[in-house]
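Notes follow the structure.
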Amino acid sequence: MSADRLLREIADVGRDAGRGGYSRHAFDDAELTLRQWFIEQAGMRGLAVRTDRNGNIWAWWGRPQRGAVVTGSHLDSVPGGGAFDGPLGVASAIAAVDILRAKGFSPTKPLALLVFAEEEGGRFGVPCLGSRLLTGALDADRARGLRDTEGITLAEAAAKAGHDPERFGADPESLSMIGCFIELHVEQGRGLIDMDSPVATGSSIIAHGRYRFSFSGQGNHAGATLIADRHDPMLPAAAVIAAARRAAAAARDARATVGRLVPVPGGTNVIASTVDLWLDARVPGAGRTAALVDDIAEVARIAAAEEGCRVTITEESYSDDVVFDEPLRRRMDRVLGGVPALPTGAGHDAGILAAHVPAGMLYVRNPTGISHAPEEHAEPIDVDFGAVSLAHVLEELAG
Ligand code: HGY
Ligand code: MN
Ligand code: MN
């Protein structure tokens, strides 16, 4: 079945009527439906399916063995995300198996499809949760205690979905099964449009971190409290949002975003008592993300003091710059007949795995260049070209 048709099969799962696009988060109904869909698709193809201790789903073509060629991505989305970020890589992996089987290919190396849990961190806040747990990059106790906006812990959500959260943790046995990992992903930018190419390989991922700024002041009445008597945490929060943009604009190739801000209690006629905001900061180069965040944190402290508020700043996740395995990338490039190599500012599970196994990425053209929004897109002809390209790469690596 073509990747485009597979995507159409799940096109109605997790639509978000309020935000637009899709909201599919770890172990919520939509993501569980997609997990079930993947397990059924794999079962229909005779792939042996097992879910590892961290909730990542493996589908084996042949007997599970060390050193396998593994390909996959994720099924969860950001809130109000697009249809392709994650599912395109999963659908293309399934379609690539069909393409290889149709041409009578049988792998001489073990080959597996892999779907990672909570790549976006959209529910529990830590991106690439499944691959970080698998590789030991995230402490299992910390993971179990992560809470969503309803206060539900990851352990509770995973248990409700039938997993045993006590088993979370580094899984060297599963990691040793991966000889190399290839992730196909919709491009999150306009590179392939500008270069007029349907696919590209991935060269690198820039460093990125997530930081929680918690401001506390004095809740009060919006009408009865004079300005001079206020300790309004929304003011230092506003200063941070503006400072993030200023600092990133002033630094080479830096990005800083505040996309999420939660005032408590959040009443129109109420001065907030606390305001939490999350900074997403990404700067290539050792130490540069931390330096950018330090500058922004200084603004937060000064603005909080001026308003008689307090602030705490917590790093919630950080990943260093990643350069993908160049011999693997060159091998992919040769098979694809010479395609662009794209750096990216978007994080991926392949980026987490790259520290442990040869990892590579294959990007598919996105005519809007927009991602993490409903306008994210890939044309059916490029979607299918991507799946054929992935099949060629898998044939080269597992043939
Ligand atoms: O945030 C990212 O870069 C990725 O989409 N998780
Ligand atoms: Mn994403
Ligand atoms: Mn993604």
Side-chain angles (χ1 to χ4, degrees), residues 3 7 10 14 16 19 21-26 31 34 38 56 71-93 114-133 137-138 181-189 191 202 204-211 248 253-260 278-284 289 315-322 324 342-354 359-364 366 368-378 383 386 390:
L7 283 173
I10 57 173
D16 188 325
R19 295 184 177 108
Y22 293 89
S23 291
R24 301 155 164 172
H25 306 309
E31 201 247 4
L34 292 180
F38 173 73
N56 305 308
T71 183
S73 192
H74 58 97
L75 291 168
D76 67 299
S77 72
V78 294
F84 299 88
D85 177 352
L88 179 64
V90 176
S92 300
L114 179 50
V115 172
F116 283 104
E118 177 84 330
E119 188 277 340
E120 296 292 2
R123 182 174 179 187
F124 295 103
V126 173
C128 299
L129 186 81
S131 52
R132 287 178 199 263
L133 281 169
L138 174 66
F181 179 75
I182 306 291
E183 180 167 3
L184 182 145
H185 205 282
V186 65
E187 187 193 350
Q188 295 166 300
S204 60
I205 298 177
I206 68 171
H208 57 107
R210 294 185 184 189
Y211 307 83
D253 207 9
R255 305 109 207 257
T257 313
V258 175
R260 184 178 165 214
W278 282 263
L279 173 68
D280 178 309
R282 310 190 190 204
V283 195
T289 300
E315 178 183 288
E316 294 199 336
S317 71
Y318 177 74
S319 301
D320 267 327
D321 292 280
V322 168
F324 286 116
L342 285 181
T344 185
H348 300 285
D349 292 306
I352 300 296
L353 290 183
M361 292 203 70
L362 188 53
Y363 295 117
V364 172
N366 170 350
T368 68
I370 293 171
S371 184
H372 285 188
E375 295 86 352
E376 179 184 272
H377 188 62
V383 165
L390 179 61

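All residue numbers in this chain count up from 1 along the given sequence. Atoms within each ligand, like the ligands themselves, are counted from 1 in listed order. It should be emphasised that the depicted structure is a prediction, and the values quoted were computed from it without experimental measurement.
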Requested in this report: Determine whether the side chains of Ser371 and Glu376 contain a donor N or O and an acceptor N or O closer than 3.5 Å.
Outcome: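 Yes - a donor-acceptor pair under 3.5 Å links their side chains.
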
Query raised in the report: With a 3.5 Å cut-off and no angle check, do the side chains of Gln188 and Asn366 form a donor-acceptor pair?
Result: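 Note: Gln188 and Asn366 side chains miss the donor-acceptor criterion.
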
Query raised in the report: What are the two closest heavy atoms between Arg24 and Ala83, and how far apart are they?
Result: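 Nearest heavy atoms, Arg24 then Ala83: NH1-O, 4.4 Å.
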
Query raised in the report: Can you tell me if His348 has an N, O or S atom under 2.8 Å away from the Mn ion (ligand 3)?
Result: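 Given the 2.8 Å cut-off, His348 does not count as a ligand of the Mn ion (ligand 3).
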
Query raised in the report: Of the backbone and side-chain N, O or S atoms of Asp85, does one lie nearer to the Mn ion (ligand 3) than 2.8 Å?
Result: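 Given the 2.8 Å cut-off, Asp85 counts as a ligand of the Mn ion (ligand 3).
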
Query raised in the report: Taking the N/O/S atoms of His185 one by one, which is nearest to the Mn ion (ligand 3)?
Result: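 Of all N, O or S atoms in His185, the Mn ion (ligand 3) lies closest to NE2.
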
Query raised in the report: Is ligand 1 under 4.0 Å from a heavy atom in the side chain of Arg282, in the backbone, in both, or in neither?
Result: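 Near ligand 1, Arg282 shows its side chain, while the N, CA, C and O stay back.
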
Report task. Check His208 against ligand 1 and report side chain, backbone, both or neither, counting heavy atoms closer than 4.0 Å. Result ->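 For His208, there is no contact with ligand 1 at all, from either part.
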
Taking only heavy atoms of [X] into account, list the atoms of ligand 1 that are under 4.0 Å away from them.
X	answer
Ala346	3 (O)
Glu119	4 (C), 6 (N)
Glu120	4 (C), 5 (O), 6 (N)

**Report entry** N/O donor-acceptor pair under 3.5 Å between Asn56 side chain and Ala117 backbone
**Finding:**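 Checked: pair present.
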
Query raised in the report: Is the distance from the Mn ion (ligand 2) to the nearest N/O/S atom of Glu120 under 2.8 Å?
Result: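 Under 2.8 Å: Glu120 contacts the Mn ion (ligand 2) through an N, O or S atom.
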
Query raised in the report: Hey, what's the ring geometry for His74 with His185, parallel, tilted or perpendicular (30° and 60° as the breaks)?
Result: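 Because their plane-to-plane angle lies in the 30° to 60° range, the rings of His74 and His185 count as tilted.
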
